[in-house]
Amino acid sequence: MERHVQNMTLTKLQSALAKVPRVPLAKLPTPLDELTRLGPRLGIRLLLKREDLTGLALGGNKSRMFEYLMADAVDKKADVVVGGAAAQSNFCRQLAAACAALGLELHLFLREVRGKVDREPQGNLLLDLLFGATVRILEVSPTEQRARMEAHVVELRRAGRRPYFPQGEKYLGALAYIACAAELYGQLDAAGITADWILTSAAGETQAGLVVGTKLLGRATQVIGINPGVTWWDVPTEVKRFGEGAARRLGLTCPIDPAEVINYGQYAGEGYGTPSPEGLAALALMARTEGILLDPVYTSKALVGLQDLIRKGVIQTGQTVVFLHTGGLPALFAYTEALAGAGLTTLQA
């Protein structure tokens with residue numbers, strides 16, 4: 001079996017991607033904006049890939065993924081979808097909207113991260129309910145949550161239903177970010193810009209797709225993932241699995257050595273789904289220098305990582321960085337206590 005990377009032109013990669021079924025759910029292409037205040041402040045040229053503006057259910061990186069995943073669900077004649085993640089999951093919010101748009105029933109198994117506050121219908125959870133999802137909130141580990149979802153899929157099949165489990169098809173999510181990489185490099189080429197780095201909040205499909213797209217196109221750009229606190233799998237191993245699976249779906253080979261996957265886990269603070277003081281400060285920095293919102297548990301931590309990597313000299317002064325904004329803005333409204341505790345929403349006396 002051929003094991004070398006099949007380098008190809010942008011046009012050929014886009015042609016291969018066009019052969020994969022997808023349903024239009026996202027507003028694409030997303031903008032690539034230069035941050036002319038924050039970039040100089042950090043000592044770099046900073047571009048923002050606006051995946052927060054994909055449109056579906058207030059946007060985010062999962063919108064691209066569901067174009068491929070929901071096409072697969074429709075092809076398999078699914079009549080119900082089963083999914084789940086944390087109670088304030090961006091994945092589940094966009095999945096709920098995608099299912100509503102396609103007339104598919106959705107059963108969500110959500111996991112408490114912050115205790116009973118996660119049961120308050122606010123932020124992403126509020127939108128899950130508005131989109132008509134059937135929601136169960138569990139006090140379980142991620143492993144047990146996955147087992148409960150898979151058992152529910154079996155129960156539905158026994159009852160004569162045709163369930164679809166998108167979290168069993170993660171290579172399709174990675175495929176979406178191969179497409180995003182092609183879109184991004186096309187934008188950079190058109191602007192005459194060479195990026196030294198792409199940095200994003202990621203611990204799975206998003207980073208996998210960006211890595212594969214970069215390798216297939218033969219670009220020297222390095223892809224950095226800032227892990228928001230995922231501890232239930234080995235990130236480099238999963239990036240390899242998802243990325244190579246997505247390449248195979250395109251009929252291509254793109255071997256990934258887990259040792260080449262750049263993913264930093266030290267910026268997660270107290271863990272997944274929990275804001276960090278540094279992240280909230282970064283969120284305020286972006287808001288008050290560029291008028292752009294980050295979310296409290298993903299992209300804000302990615303900006304913390306970017307700042308630290310610049311301080312450490314990993315990312316050097318004057319280099320060009322694309323910060324891929326994965327969205328998550330509805331979660332802001334479920335973390336008002338944390339924002340207030342950080343002094344970011346104080347009213348004048």
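Note that these values count all heavy atoms, side chains included, but never hydrogens, waters or copies made by symmetry. Predicted model, so just to flag it, every value in this text is computed and none were measured.
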Trainee: When you compare the side chain of Thr30 with that of Glu183, does any pair of heavy atoms fall below 4.5 Å?
Mentor: yes
Trainee: Mind listing the side-chain donor-acceptor pairs of residues 332-341 below 3.5 Å, one per line with the distance, residues two or more places apart or on another chain?
Mentor:
{"unit_1": "Tyr335", "atom_1": "OH", "unit_2": "Gly273", "atom_2": "O", "d": "2.7"}

Trainee: For Arg50 and Asp33, indicate whether the former's side chain and the latter's backbone hold a donor-acceptor pair under 3.5 Å.
Mentor: no
Trainee: Hydrophobic clusters here meaning ILVMFWY residues chained together by side-chain heavy-atom distances under 4.5 Å, can you tell me if Val235 and Leu309 are in one?
Mentor: no
Trainee: Can you see which heavy atom on Ile137 is nearest to which on Glu112, and at what distance?
Mentor: CG2-CG, 3.7 Å
Trainee: Work out which heavy atom in Pro275 is nearest to a heavy atom in Val297; give both atom names and the distance.
Mentor: N-CG1, 3.8 Å
Trainee: Show your working on salt bridge (charged side-chain N to carboxylate O under 4.0 Å, His left out) between Arg241 and Glu238 and close with a plain yes or no.
Mentor: CA-CA 5 Å; Arg241 184 164 71 92; Glu238 295 301 278; 2.7 Å; yes
Trainee: So if you build clusters from Ile, Leu, Val, Met, Phe, Trp, Tyr with side-chain heavy-atom gaps below 4.5 Å, do Leu126 and Leu106 land together?
Mentor: no
Trainee: I need the single residue from Thr289, Val321, Leu48 that forms a side-chain contact (heavy atoms from CB on, under 4.5 Å) with Leu35. Which is it?
Mentor: Leu48
Trainee: Using atom types as modelled and distance alone, determine if a side-chain donor or acceptor of Gln94 lies under 3.5 Å from a backbone N or O of Asn90.
Mentor: yes
Trainee: Sequence neighbours excluded and cut-off under 3.5 Å, please list the side-chain donor-acceptor pairs for residues 15-24, or say none.
Mentor:
{"unit_1": "Arg22", "atom_1": "NE", "unit_2": "Glu67", "atom_2": "OE1", "d": "3.0"}
{"unit_1": "Arg22", "atom_1": "NH2", "unit_2": "Glu67", "atom_2": "OE1", "d": "2.7"}
{"unit_1": "Arg22", "atom_1": "NH2", "unit_2": "Glu67", "atom_2": "OE2", "d": "3.3"}

Trainee: Any sub-3.5 Å donor-acceptor pair from Asp52's side-chain atoms to Thr326's backbone N or O?
Mentor: no
Trainee: Where the side chain of Asp118 meets the backbone of Arg114, is there a donor-acceptor pair that is under 3.5 Å apart?
Mentor: yes
Trainee: Using salt bridge (charged side-chain N to carboxylate O under 4.0 Å, His left out) as the criterion, list what pairs up with Lys301, not counting sequence neighbours.
Mentor: none
Trainee: Which atom names give the shortest non-hydrogen contact between Gln187 and Pro29, and what distance separates them?
Mentor: NE2-CB, 4.2 Å
Trainee: How would you list, by chain and number, every residue that makes a salt bridge (charged side-chain N to carboxylate O under 4.0 Å, His left out) with Asp196, sequence neighbours excluded?
Mentor: none
Trainee: What heavy-atom pair brings Ala282 and Leu303 nearest, and what distance separates the two atoms?
Mentor: O-CD2, 3.4 Å
Trainee: Looking at Ile44, Thr200, Ile224, Ile226, which hits side-chain contact (heavy atoms from CB on, under 4.5 Å) with Leu306?
Mentor: Ile44
Trainee: Relative to each other, are the rings of Phe242 and Trp233 parallel, tilted or perpendicular (30° and 60° limits)?
Mentor: perpendicular
Trainee: Looking at Gln266, I'd like to know if its CD atom is crowded, meaning that more than 12 non-hydrogen atoms belonging to other residues, nucleotides or ligands lie closer than 6.0 Å.
Mentor: yes
Trainee: Using atom types as modelled and distance alone, determine if a side-chain donor or acceptor of His325 lies under 3.5 Å from a backbone N or O of Leu293.
Mentor: yes
Trainee: Check the side chains of Tyr267 and Gln307 for a donor-acceptor pair under 3.5 angstrom, ignoring hydrogens and angles.
Mentor: no
Trainee: Minimum heavy-atom separation for Arg146 and Gly168, please, with both atom names.
Mentor: NH2-CA, 4.1 Å
Trainee: Would you kindly confirm whether Met65 and Val230 end up in one hydrophobic cluster when ILVMFWY residues are joined by side chain heavy atoms under 4.5 Å apart?
Mentor: yes
Trainee: Strictly distance-based, threshold 3.5 Å: is any side-chain N or O of Glu144 a donor or acceptor partner for the main-chain N or O of Ser141?
Mentor: no
Trainee: Minimum heavy-atom separation for Ile262 to Gln207, with atom names?
Mentor: O-NE2, 2.8 Å
Trainee: Which pairs of donor and acceptor atoms, one on a side chain in residues 75-87, lie under 3.5 Å apart (sequence neighbours left out)?
Mentor:
{"unit_1": "Lys76", "atom_1": "NZ", "unit_2": "Asp72", "atom_2": "OD2", "d": "3.1"}
{"unit_1": "Asp79", "atom_1": "OD1", "unit_2": "Arg162", "atom_2": "N", "d": "2.8"}
{"unit_1": "Asp79", "atom_1": "OD2", "unit_2": "Arg161", "atom_2": "NE", "d": "3.1"}

Trainee: Look at the side chain of Asn263 and the backbone N and O of Ala202, then say whether any donor-acceptor pair between them is shorter than 3.5 Å.
Mentor: yes
Trainee: Using the test side chain to side chain donor-acceptor pair (under 3.5 Å), find all partners of Gln145 that sit at least two apart in sequence or belong to another chain.
Mentor: Arg111
Trainee: Would a hydrophobic clustering, with Ile, Leu, Val, Met, Phe, Trp and Tyr connected at side-chain separations under 4.5 Å, put Ile256 with Tyr264?
Mentor: no
